[in-house]
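Comments concern the structure below.
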2 protein chains.
Amino acid sequence: MEVIRRNTEYGIRALVHLAASHEKMASAGEIAESQDIPIDFLQKILQRLVRRGIVKSHRGSQGGFSLAKDPRQVTVLEMVETMQGKLAMNKCFLGKDGCPRAPRCPLKQNWLSVEEKIAEFLRGITLQDLVDQLRGTDS
Amino acid sequence: MEVIRRNTEYGIRALVHLAASHEKMASAGEIAESQDIPIDFLQKILQRLVRRGIVKSHRGSQGGFSLAKDPRQVTVLEMVETMQGKLAMNKCFLGKDGCPRAPRCPLKQNWLSVEEKIAEFLRGITLQDLVDQLRGTDS
DNA sequence: TCTATTGCGACTATTCTAGTCCTGTTTTCC
DNA sequence: GGAAAACAGGACTAGAATAGTCGCAATAGA
């Protein structure tokens, strides 16, 4: 069973690419090639990141994408939630009324705790951390 | 995005049912009715639990299922892994060789840490705990 | 104006999940 | 022995979700 989806993986890769090429603009084509991502798919991914305000886009010839925020201010949690929405352990909490068994469900509280732990951990990692980690393996 | 699948949810419900009706045998039909689970689907779920050794089955008329282990020895982690396999944050670790980018992936270690945290937490909750929690809401 | 590039919605393909069905085997009871 | 009540297990199907593609409009620079 997998928690992180493909588009999230791609999205993070793209962000790392942008953060690493500090300030310079990169076109979707460039990112796609360097990060091994189908270009059309990447377009959609970048669009989400733009709407979320993590990335800036520039249309037209010589256009492309660049980071809209300081990479130290972008957390992995934010990236994940941008790409695949809030991650829930179980459906209990989703939908309007959730599970009708909720009041007697012995699991709900436990699932909630896990969700919080995950979120807390992912909130602690920033885009800058990822870039640094990558640089570290270069030497 | 959802982490816990339907069959896992059902499987745990079935186990709680069995643990609560201490020692007595219950047929798939009984469990299905009381727990609101499609019976044919439940059959397959119980089979997995049997193969894993968490549940004992008894064929023939008057047959049914009963717990094979002390509910204090069965953890939620075990139930989850029985139903949906080891839960991985990302594909990186699955498949034989995993992701070719692994050696330079700034995320792999982080995903691993999250996986461990989740596993540790779920390992700390037993079937007995769930039953107790359920009993608590009765009063 | 021509070209490179993003924006966006519609569409398709593939995979995964949930659920069903059918046939066989075992056991109990009459 | 035979019928009935159960589990065993594999094949199959429907539907949802994910991944990926395509086409066209809008924009900006040369």
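Convention: sequence-line order gives letters A, B, ...; per-chain numbering from 1.
- Contact annotation: A:Arg5 reaches the phosphate of D:dT18 (side-chain N/O to OP1 or OP2, under 4.0 Å).
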(message) Does the protein touch nucleotides 1-9 of chain C at the base, only the backbone, or not at all? Give it as B, S and - per nucleotide, heavy atoms under 4.0 Å.
(response) ---BBBBB-

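- Not counting sequence neighbours, B:Asp40 has no partner by the salt bridge (charged side-chain N to carboxylate O under 4.0 Å, His left out) test.
- When the salt bridge (charged side-chain N to carboxylate O under 4.0 Å, His left out) test is applied to B:Arg123, no partner is found at least two apart in sequence or on another chain.
- Evaluation of the ring pair (Phe, Tyr, Trp, His ring centres under 6.0 Å) rule for A:Phe41 yields A:Tyr10 as partners, not counting sequence neighbours.
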(request) Check the pair A:Glu78 / A:Lys69 against salt bridge (charged side-chain N to carboxylate O under 4.0 Å, His left out), numbers first and verdict last. (result) CA-CA 12 Å; A:Glu78 187 177 0; A:Lys69 301 171 80 170; 3.4 Å; yes

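- Residues meeting the side-chain hydrogen bond (donor to acceptor under 3.5 Å, both in side chains) test with B:Thr75, sequence neighbours left out: none.
- Counting to the nearest Å, the P atom of D:dG20 and the CG atom of A:Asp36 are 12 Å from each other.
- Take B:Lys117 and apply the side-chain hydrogen bond (donor to acceptor under 3.5 Å, both in side chains) test, not counting sequence neighbours, and it matches no residue.
- The phosphate of C:dG19 has OP1 or OP2 within less than 4.0 Å of a side-chain N or O from B:Tyr10.
- Atom CG of B:Asp40 is separated from atom C1' of C:dT17 by 16 Å (rounded to the nearest Å).
- Residues satisfying the side-chain hydrogen bond (donor to acceptor under 3.5 Å, both in side chains) criterion with B:Gln128, sequence neighbours excluded, are B:Asp132.
- Listed in residue order, the members of residues 74-83 of chain A having a heavy atom less than 4.0 Å from DNA chain D come to none.
- For B:Arg6, the salt bridge (charged side-chain N to carboxylate O under 4.0 Å, His left out) test picks out no residue, with sequence neighbours left out.
- Atoms CD (B:Glu2) and P (C:dT17) sit 11 Å apart, rounded to a whole Å.
- The CD1-C1' distance, from B:Ile45 to C:dA18, rounds to 9 Å in whole Å.
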